[in-house]
Undergrad: 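For reference, the structure I am asking about is given below.
Ligands are counted one by one from 1 in listed order, and the atoms in each one are counted from 1 as well. Residues take their numbers from the sequence shown, with the count starting at 1.
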Amino acid sequence: MTDPIPAPALGEPYLLTPGPLTTSCPVKQAMLRDWGSWDGDFRAMTQDMRDRLLAMLGNGANDFDCVPMQGSGTFSVEAMLGSFIPKDGKVLVLANGAYGLRSAQTLAYLGRDYVLLDKGDYLPPRGGEVARILADDPAITHVVAIHCETSSGILNPVEEISRATYAAGRKLLIDSMSAFGAIPLEVSQIRFEALVSSANKCIEGVPGFGFVIARKSELEAAKGNSHSLSLDIHAQWAHMNKTGQWRFTPPTHVLAAFLEALRSHEAEGGVAARGGRYANNRDVMVTGMRELGFETLLKDRWLSPIIVTFFCPASPAFDFDRFYGLMKGKGFIIYPGKLTVAESFRIGCIGQLDSNVMRQVVAAAAESLSELGVYSAAPPESALIERAKLAA
Ligand SMILES: *Cc1c(COP(=O)(O)O)cnc(C)c1O
């Protein structure tokens, strides 16, 4: 086992949210100096970061390249969609939550033709469904999938989605924002053309940029596709490969922090160890919360090690805003729910958290419930009936 994770600075709460998240002291300290964006030292840092991210793809990574992009994760999603989908392309968007719907909305802004498979709040899009839709619509050129749909915490079956996509001769783009770095996405196992993630999720950096990892042949072919000067992945890639620099002002401090986070990621044991710690966080937290009577939205099979959705208790004494405030008072920032079917809230498992912290989270939840006068955390019957529809 690794050493226990040190607590954040005195008075700073733990963020049980899926990015921004609780970062380590060395990551924060890496931001205490200034870097010239043009300088060779900073260019070397950019290259180091790109190499380290590519190495996570495993065997076959040589066919891919990594292009960082300024902005929050959504900027990189928009950059990926606008750069790799030609203007006459057509996309099948697989949605089961807010991030899938956001990709569809982005395509609408970009004027790219798309069809939406909307599975609602939490049902996974399955390979068979993808195969049927692709067989019925030969105009579809690309499939967009969300790896971990952070709005419910479901881990979508990207492997079977990938198989169905390529069996039909189409191309896959993956929003792996909240999964990359903790859930394996090796190119020898799962075929795709491009993925997108950001600095402030499973690598545990601070917010400020995202990155696209794409097949070099797709990067070449992306020239001229983009609607946007600043979000043109091909242009950023070509400029970076030629000069070692970002096209426009880079988030220098964020990159310095991210490199530190990448070193810690490697020291911890890479993707497998990071994912293992998060899964352990989830297991300890879910077990404890279930003992209090809470129920998860998802069955164990679909529970990601990233974030978990719980139904709010049926008790009339429960009030989420007050529960949130009590949890915050004990040092834990939790996350409101994003479901349309039932009242819910979420607890993230990523960031500088370990099982010790997760036990404290459960203890804080127990105390907060009793302060509210809630004696059972059991959800309403209607929520459980809804959940029973998740047959798979
Ligand atoms: C965090 C996240 C994004 C990007 O969100 P931003 O707020 O723009 O950083 C996109 N997709 C998924 C699945 C995410 O978890």
Undergrad: Please answer whether the main-chain N or O of Leu229 pairs with a side-chain N or O of Arg247 as donor and acceptor at a distance below 3.5 Å.
TA: yes
Undergrad: Looking at Phe192 versus Phe64, is the centre-to-centre ring distance below 6.0 Å?
TA: yes
Undergrad: Is it true that Phe209 and Trp246 have ring centroids separated by less than 6.0 Å?
TA: yes
Undergrad: Can you tell me which residue among Val77, Asp232, Leu231 is in a side chain to side chain contact (heavy atoms under 4.5 Å, CB included) with Met69?
TA: Leu231
Undergrad: Taking any residue with a non-hydrogen atom under 4.0 angstrom from an atom of ligand 1, which ones do you get?
TA: Ser72, Gly73, Thr74, Tyr99, Arg102, Ile146, Cys148, Thr150, Asp175, Met177, Ser178, Lys201
Undergrad: Taking all non-hydrogen atoms of both residues, which atom of Val374 and which atom of Pro313 are closest, and how far apart?
TA: CG1-CB, 4.3 Å
Undergrad: Do Phe323 and Phe345 have ring centroids that are under 6.0 Å from one another?
TA: yes
